[in-house]
Participant: 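Pasting a structure below so you can have a look.
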Amino acid sequence: MPMLDVTATDEIAAADRVRTNVVRLAAAQALTGANSAVIFATGAIVGATLAPDMSFATVPISIYVVGLAAGTLPTGAISRRFGRRAAFVIGTGCGTLTGLLGSFAILHASFALFCVATFLGGLYGAVAQSYRFAAADGASAAYRPKAVSWVMAGGVFAGVLGPQLVQWTMDVWSPYLFAFSFLVQAAVALVAMGIVAGVDMPRPAPADLHGGRPLLSIVTQPRFVAAALCGVISYPMMNLVMTSAPLAMKLCGLSLSDSNFGIQWHIVAMYGPSFFTGALIARFGAPRIVAAGLLLEAGAATIGLSGITAMHFWATLIVLGVGWNFSFIGASALVLETHRPQERNKVQAFNDFLVFGMMAIGSFSSGQLLANFGWSAVNMVVFPPVLLGLVVLSLVSWARRRNARLEAAMGEFPDAI
């Protein structure tokens with residue numbers, strides 16, 4: 001009985017620690033979201049002002065995505081060697097530098113320096129992407145999708161804070177549009193640093209540094225392939241449309257306020273469903289939620305093709321945000337099913353590297369696509385990848401169910417694919 005009491009006490013303490021970490025990470029997610037919101041709301045407009053040619057207008061946002069891709073593997077390596085908390089603090093430091101350097105670049109009309117600032121913002125974003133996986137550390141299998149979902153729900157606040165931060169501060173240092181916005185963003189990153197510094201995540205045990213299966217054997221599992229592919233499709237397609245939307249709205253004669261409003265509600269739509277996405281995954285399974293998300297992204301592109309009024313842009317961005325939420329959180333939940341605890345850092349970092357590496361490749365084409373072919377072409381590009389993702393997801397899910405039925409018929413317990 002004493003042993004049982006000790007075990008129960010340890011389990012309760014571990015559960016409390018997980019829940020406390022989830023709260024902190026959700027708050028950090030909210031503040032970190034202001035970083036990306038400021039960059040996405042202003043990057044193309046500042047780029048169009050500072051760049052030598054209009055076709056380079058979205059390059060700062062593309063550089064941000066390069067930073068996302070470049071930061072994923074180092075984030076995993078730092079987390080394995082020194083613990084997740086060290087990676088979180090370094091990330092928020094990059095976020096502070098993003099704001100300071102971005103403001104300086106606008107004040108001195110330096111396009112190159114502004115791109116360096118957005119690259120640092122990407123590094124900050126790469127670290128923040130690991131918040132969702134960190135929330136699941138030590139959690140029970142049943143609680144993991146909810147932990148991921150609740151941390152992502154912190155982005156709802158970012159959807160309000162980021163665009164409103166831009167709206168309130170964009171003209172403070174007129175005629176240097178958005179210069180003060182980036183300075184305030186640096187202050188927000190410092191607050192986030194204080195929050196993540198209190199996350200209770202011990203450094204990995206020495207046995208975990210080199211434990212587990214080889215990475216190649218993990219990432220060639222059909223389940224991981226489907227999860228990674230859906231993440232690679234859902235995030236880059238969302239980014240392509242979201243990146244182009246503010247500049248497209250400006251080219252269509254709409255105001256900056258219209259653009260800020262659209263981005264604000266897009267971000268709310270991205271993270272708002274997170275309050276119940278975890279429960280939906282638990283009820284219907286991750287593959288169905290991913291499929292629903294991909295279909296919503298295709299629906300958003302369809303709305304984008306139907307008109308160029310403010311309402312059309314807003315509806316496109318809102319539906320796109322909900323679709324991203326379902327598909328990306330669902331894909332993240334699938335990734336959690338493919339690895340063991342000691343393998344988590346390397347597998348999660350590799351997954352994010354694939355997602356943001358593909359985003360980086362696709363993001364550089366967004367400015368050229370919009371400038372040379374227009375808003376309709378941006379939306380048309382969404383359909384083929386979404387179809388591919390749905391086909392692969394369906395095939396892997398069908399194969400998994402078939403194998404489970406065969407093994408059950410043989411009187412054996414089904415193994416995970």
Side-chain angles (χ1 to χ4, degrees), residues 23-47 49-50 60-61 63-64 67-68 71 75 85-110 113-131 151 153-199 246 256-257 259-261 263-264 267-268 270-271:
V23 171
R24 282 187 170 272
L25 291 169
Q29 180 72 52
L31 297 175
T32 302
N35 168 71
S36 58
V38 169
I39 291 174
F40 281 112
T42 67
I45 297 171
V46 173
T49 302
L50 302 181
I61 297 179
I63 294 295
Y64 168 84
L68 276 173
T75 296
R85 183 166 51 192
F88 295 164
V89 171
I90 292 171
T92 50
C94 290
T96 303
L97 289 175
T98 297
L100 296 175
L101 199 57
S103 180
F104 184 86
I106 293 171
L107 292 173
H108 291 81
S110 174
L113 206 56
F114 187 70
C115 289
V116 173
T118 60
F119 178 81
L120 289 171
L123 296 180
Y124 182 23
V127 174
Q129 288 298 326
S130 68
Y131 293 169
V151 168
V156 174
F157 183 72
V160 176
L161 175 65
Q164 286 303 313
L165 186 154
V166 173
Q167 188 70 30
W168 295 332
T169 61
M170 61 183 183
D171 293 320
V172 170
W173 283 350
S174 182
Y176 302 103
L177 194 66
F178 305 126
F180 194 71
S181 302
F182 276 88
L183 190 64
V184 175
Q185 186 271 317
V188 172
L190 278 176
V191 175
M193 182 183 292
I195 291 173
V196 297
V199 171
L256 283 176
S257 295
S259 175
N260 289 338
F261 183 84
I263 291 296
Q264 174 179 336
I267 296 174
V268 170
M270 284 173 64
Y271 296 104

Participant: Does any non-hydrogen side-chain atom of I61 lie less than 4.5 Å from one of T118?
Facilitator: no
Participant: Could you grab the distance from atom CG of L107 to atom OH of Y176, nearest 0.5 Å is fine?
Facilitator: 6.5 Å
Participant: Between V46 and L177, does a side chain to side chain contact (heavy atoms under 4.5 Å, CB included) hold up when you go through it step by step?
Facilitator: CA-CA 8 Å; V46 173; L177 194 66; over 6 Å; no
Participant: Nearest 0.5 angstrom please: W173 CH2 to F182 CZ, how far?
Facilitator: 12.5 Å
Participant: Kindly give the heavy-atom pair with the smallest separation between A126 and G67, and that separation in Å.
Facilitator: CB-O, 4.2 Å
Participant: In the structure I gave you, are the side-chain heavy atoms of V38 and L165 within less than 4.5 Å of one another anywhere?
Facilitator: yes
Participant: Would you find a donor on one side and an acceptor on the other, under 3.5 Å apart, between the side chain of T169 and the backbone of F180?
Facilitator: no
Participant: Within a strict 4.5 Å, meaning less than it, do heavy atoms of the V166 and I263 side chains meet?
Facilitator: no
Participant: Determine the sole option in D171, L183, V172, T42 for which the side chain to side chain contact (heavy atoms under 4.5 Å, CB included) test with F178 is passed.
Facilitator: T42
Participant: Distance check, rounded to the nearest 0.5 Å: F88 atom CZ versus S130 atom OG?
Facilitator: 4.5 Å
Participant: Donor-acceptor check, side chain of T49 to backbone of I45, threshold 3.5 angstrom: yes or no?
Facilitator: yes
Participant: Going from CG on L123 to OH on Y64, what distance comes out if it is rounded to the nearest 0.5 angstrom?
Facilitator: 10.0 Å
Participant: T98 and A117: which non-hydrogen atoms are nearest, and at how many Å?
Facilitator: CG2-O, 3.3 Å
Participant: For the CZ atom of R24 and the CD atom of Q29, what is their distance to the nearest 0.5 Å?
Facilitator: 15.5 Å
Participant: So, taking the atom named CZ in R85 and the one named CD1 in I90, what distance separates them when rounded to the nearest 0.5 Å?
Facilitator: 12.5 Å
Participant: How far apart are the closest heavy atoms of Y124 and A192, and which atoms are they?
Facilitator: OH-CB, 3.5 Å
Participant: Is any side-chain heavy atom of P60 closer than 4.5 Å to a side-chain heavy atom of I39?
Facilitator: no
Participant: Would you call Y131 and V196 a side-chain contact if the rule is heavy atoms closer than 4.5 Å?
Facilitator: yes
Participant: Would you say S103's side chain and A179's backbone share a donor-acceptor pair under 3.5 angstrom?
Facilitator: yes
